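Please read these numbers as outputs of a predicted model, since none were measured by experiment.
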Amino acid sequence: MSAATRYDVCAAEEVRVGALTPVPFGRATLVLTRLPCGSLRALAGRCPHQGAALQFGCVTGLMEGECDGAIAESRAGEVLRCPWHGFEFDLASGEPVVAPPAARRMRLRFFDVSEEAGRVIVSK
Ligand code: FES
């Protein structure tokens with residue numbers, strides 16, 4: 001088994017909660033974001049549904065409604081909504097949170113990522 005290769009992809013300050021930061025990664029694009037708890041996420045830039053560029057999606061939370069019309073948001077900054085069909089994925093687990101049954105086997109592809117001396121390091 002070979003050791004993972006590490007790539008310095010950007011400054012840590014470029015990756016913010018609630019934002020999507022695209023960075024080139026070979027011939028592909030990685031999308032970086034930061035969860036409200038401070039941990040980083042590095043994910044493949046294409047949606048697992050039909051390949052939309054996730055850098056054009058948005059980071060949101062869960063919107064939950066009650067029968068009386070009350071709507072509440074929870075987990076702000078922990079959900080990624082795809083720009084094409086609106087499927088939503090949990091940025092903590094990669095699992096879909098709002099998607100039709102056919103999409104429930106899809107998940108975001110994460111890369112190992114760390115923050116070292118103010119830089120974002122992705123391993124592959
Ligand atoms: S391509 Fe992302 S939800 Fe369809």
Working for side chain to side chain contact (heavy atoms under 4.5 Å, CB included), residues F25 and F111: CA-CA 11 Å; F25 197 65; F111 291 83; 4.1 Å; yes
Pair V120, V15 - check side chain to side chain contact (heavy atoms under 4.5 Å, CB included), show working. CA-CA 9 Å; V120 175; V15 186; 4.1 Å; yes
State plainly whether the residues R34 and E13 are in salt-bridge range, i.e. N to O under 4.0 Å. no
So do V79 and V59 actually touch side chain to side chain, heavy atoms under 4.5 Å? no
Within this structure, what is the OH-NZ distance for the pair Y7 and K124, rounded to the nearest 0.5 Å? 6.0 Å
Closer than 4.0 angstrom, basic N to acidic O: yes or no for R75 and D90? yes
Exercise: identify the closest heavy-atom pair between S74 and E64: OG-OE1, 3.2 Å
Nearest-0.5 Å distance that lies between atom OG1 in T33 and atom CD in E78: 10.5 Å
Is a donor from one side chain sitting under 3.5 angstrom from an acceptor on the other, for S93 and E95? no
Find out whether L20 and L54 are in side-chain contact, i.e. whether some heavy atom of one side chain is under 4.5 Å from a heavy atom of the other. no
CD of Q55 to OG1 of T29: how many Å apart, nearest 0.5 Å? 5.5 Å
Considering all heavy atoms of both residues, which atom of G77 and which atom of L91 are nearest to each other, and what is their separation? O-CD1, 4.1 Å
Which heavy atom of P83 sits nearest to which heavy atom of G57, and what is that distance? CD-CA, 3.6 Å
Would you indicate whether the side-chain heavy atoms of S123 and T5 approach each other to under 4.5 Å? no
Common cluster, V9/L35, ILVMFWY with side-chain heavy-atom separation under 4.5 Å: no
What's the separation between atom SG in C47 and atom CZ in F87, rounded to the nearest 0.5 Å? 7.5 Å
Would you call L32 and L40 a side-chain contact if the rule is heavy atoms closer than 4.5 Å? no
Check whether F110 forms a cation-pi arrangement with R41 (NZ or CZ under 6.0 Å from the six-membered ring centre, at most 45° off the ring normal). yes
Would you indicate whether E66, at its atom CD, is surrounded by more than 12 heavy atoms from other residues, nucleotides or ligands within a distance under 6.0 Å? no
When you check the side-chain N and O atoms of E88 and T60, is any donor under 3.5 Å from an acceptor? no
4.5 Å side-chain heavy-atom contact, L30 and L43: no
Do P22 and F56 have side chains that get closer than 4.5 Å, going by heavy atoms? no
Please round to the nearest 0.5 Å and tell me the distance separating atom CD of E14 and atom CZ of R16. 8.5 Å
So I121 and V113, do their side chains get closer than 4.5 Å, heavy atoms only? no
Enter the distance from R6:CZ to S114:OG here, rounded to the nearest 0.5 Å. 5.5 Å
